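The structure under discussion appears below in the form of structure tokens.
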Amino acid sequence: MGLKIVENFDASFTLTPEGQEILFNLLTNEQFIEQISQQIPAQNLKFTELLFQPVPYSIQTPKGMPTEFEPYYNSDEYIIINVPPNFMFKAKIFNPSRLCAIYQKIE
């Protein structure tokens with residue numbers, strides 16, 4: 001069985017208003033943000049409300065993310081996390097199956 005090379009991947013998605021509200025509430029939960037802050041050198045974090053779906057690695061997407069989000073990956077002012085699967089389940093978001101969230105470090 002050979003590898004299948006993905007030339008184009010549609011990373012667009014739409015969340016229901018209810019799902020988005022639940023997910024944003026979970027991602028802005030003080031305890032969750034504190035949990036993230038313990039693992040990085042930042043005193044405070046702010047959820048930017050930017051989400052993206054990881055994409056297959058390719059020449060066009062060497063970071064596994066849509067190119068418009070790569071500046072956040074390369075910046076020291078932002079961090080990117082995988083949205084915990086239990087958050088996706090609580091928000092009843094099943095498509096896409098994985099999301100990443102961007103937080104801004106606030107000194």
Side-chain angles (χ1 to χ4, degrees):
M1 177 182 231
L3 293 175
K4 180 181 176 188
I5 297 174
V6 177
E7 293 289 334
N8 294 312
F9 183 83
D10 183 13
S12 63
F13 63 93
T14 303
L15 301 178
T16 64
E18 300 83 22
Q20 180 176 327
E21 182 181 346
I22 293 168
L23 185 61
F24 281 18
N25 284 336
L26 292 167
L27 291 172
T28 56
N29 179 290
E30 206 171 291
Q31 288 179 329
F32 180 66
I33 290 177
E34 192 175 305
Q35 192 177 22
I36 299 170
S37 297
Q38 291 173 353
Q39 299 180 24
I40 59 165
Q43 291 184 347
N44 293 311
L45 294 173
K46 178 184 171 193
F47 177 50
T48 61
E49 298 188 357
L50 294 173
L51 299 169
F52 65 87
Q53 179 181 9
V55 298
Y57 292 93
S58 70
I59 293 172
Q60 290 83 21
T61 57
K63 307 289 185 205
M65 63 180 61
T67 54
E68 63 264 29
F69 293 103
E70 286 186 10
Y72 296 103
Y73 177 83
N74 295 324
S75 172
D76 290 336
E77 296 178 27
Y78 296 91
I79 65 162
I80 298 172
I81 67 160
N82 285 312
V83 174
N86 61 327
F87 284 11
M88 301 280 287
F89 184 76
K90 285 180 183 176
K92 296 184 176 149
I93 298 170
F94 304 107
N95 190 17
S97 61
R98 294 178 52 213
L99 286 174
C100 293
I102 300 174
Y103 286 83
Q104 182 178 16
K105 296 177 186 174
I106 300 171
E107 300 300 324

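Because the structure is a prediction, the values reported are computed rather than measured. Heavy atoms only: backbone and side chains are in, while hydrogens, waters and symmetry mates are out.
Across all their heavy atoms, Gln60 and Glu70 have their closest contact at O-OE2, 4.5 Å.
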Between Asn74 and Lys63, does the side chain to side chain contact (heavy atoms under 4.5 Å, CB included) criterion hold? Intermediate values first, please.
CA-CA 10 Å; Asn74 295 324; Lys63 307 289 185 205; 4.1 Å; yes

Walk me through it: do Leu45 and Lys105 pass the test side chain to side chain contact (heavy atoms under 4.5 Å, CB included)?
CA-CA 5 Å; Leu45 294 173; Lys105 296 177 186 174; 3.9 Å; yes

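Remark: the backbone N or O of Phe24 is paired with a side-chain donor or acceptor of Thr28 at under 3.5 angstrom.
Atom CG of residue Leu26 and atom CE of residue Met88 lie 11.5 Å apart, to the nearest 0.5 angstrom. Expressed to the nearest 0.5 Å, how far CD of Glu34 lies from CD of Gln38 amounts to 5.5 Å. We find the CG-CZ distance between Asn82 and Arg98 to be 5.5 Å, quoted to the nearest 0.5 Å. The distance from atom CG of Leu27 to atom OH of Tyr103, rounded to the nearest 0.5 Å, is 4.0 Å. Interatomic distance, CG of Asn25 versus CZ of Phe32, reported as 13.0 Å (0.5 Å rounding). Atoms CG and CD, from Leu23 and Glu49 in turn, are 10.5 Å apart once rounded to the nearest 0.5 Å.
More than 12 heavy atoms of other residues, nucleotides or ligands shown are found within 6.0 angstrom of CD1 on Ile106. More than 12 heavy atoms of other residues, nucleotides or ligands sit less than 6.0 Å from atom CD of Glu68. Enclosure of atom CZ in Phe89 is not indicated, since only 12 or fewer non-hydrogen atoms of other residues, nucleotides or ligands lie within 6.0 angstrom.
Through direct or indirect side-chain contacts shorter than 4.5 Å among Ile, Leu, Val, Met, Phe, Trp and Tyr, Tyr78 is connected to Leu50, Phe52, Met65, Phe69, Tyr72, Tyr73, Ile80, Ile102.
Neither Val55 nor Leu15 shares a network with the other; the hydrophobic side chains, linked directly or stepwise wherever heavy atoms of I, L, V, M, F, W or Y lie under 4.5 Å apart, form separate groups for each.
Side-chain contact check for Asn29 versus Phe87: every heavy-atom pair is 4.5 Å or farther apart.
For the pairing with Phe13, the side-chain contact (heavy atoms from CB on, under 4.5 Å) check across Ile93, Asn95, Leu51 returns one residue only, Leu51.
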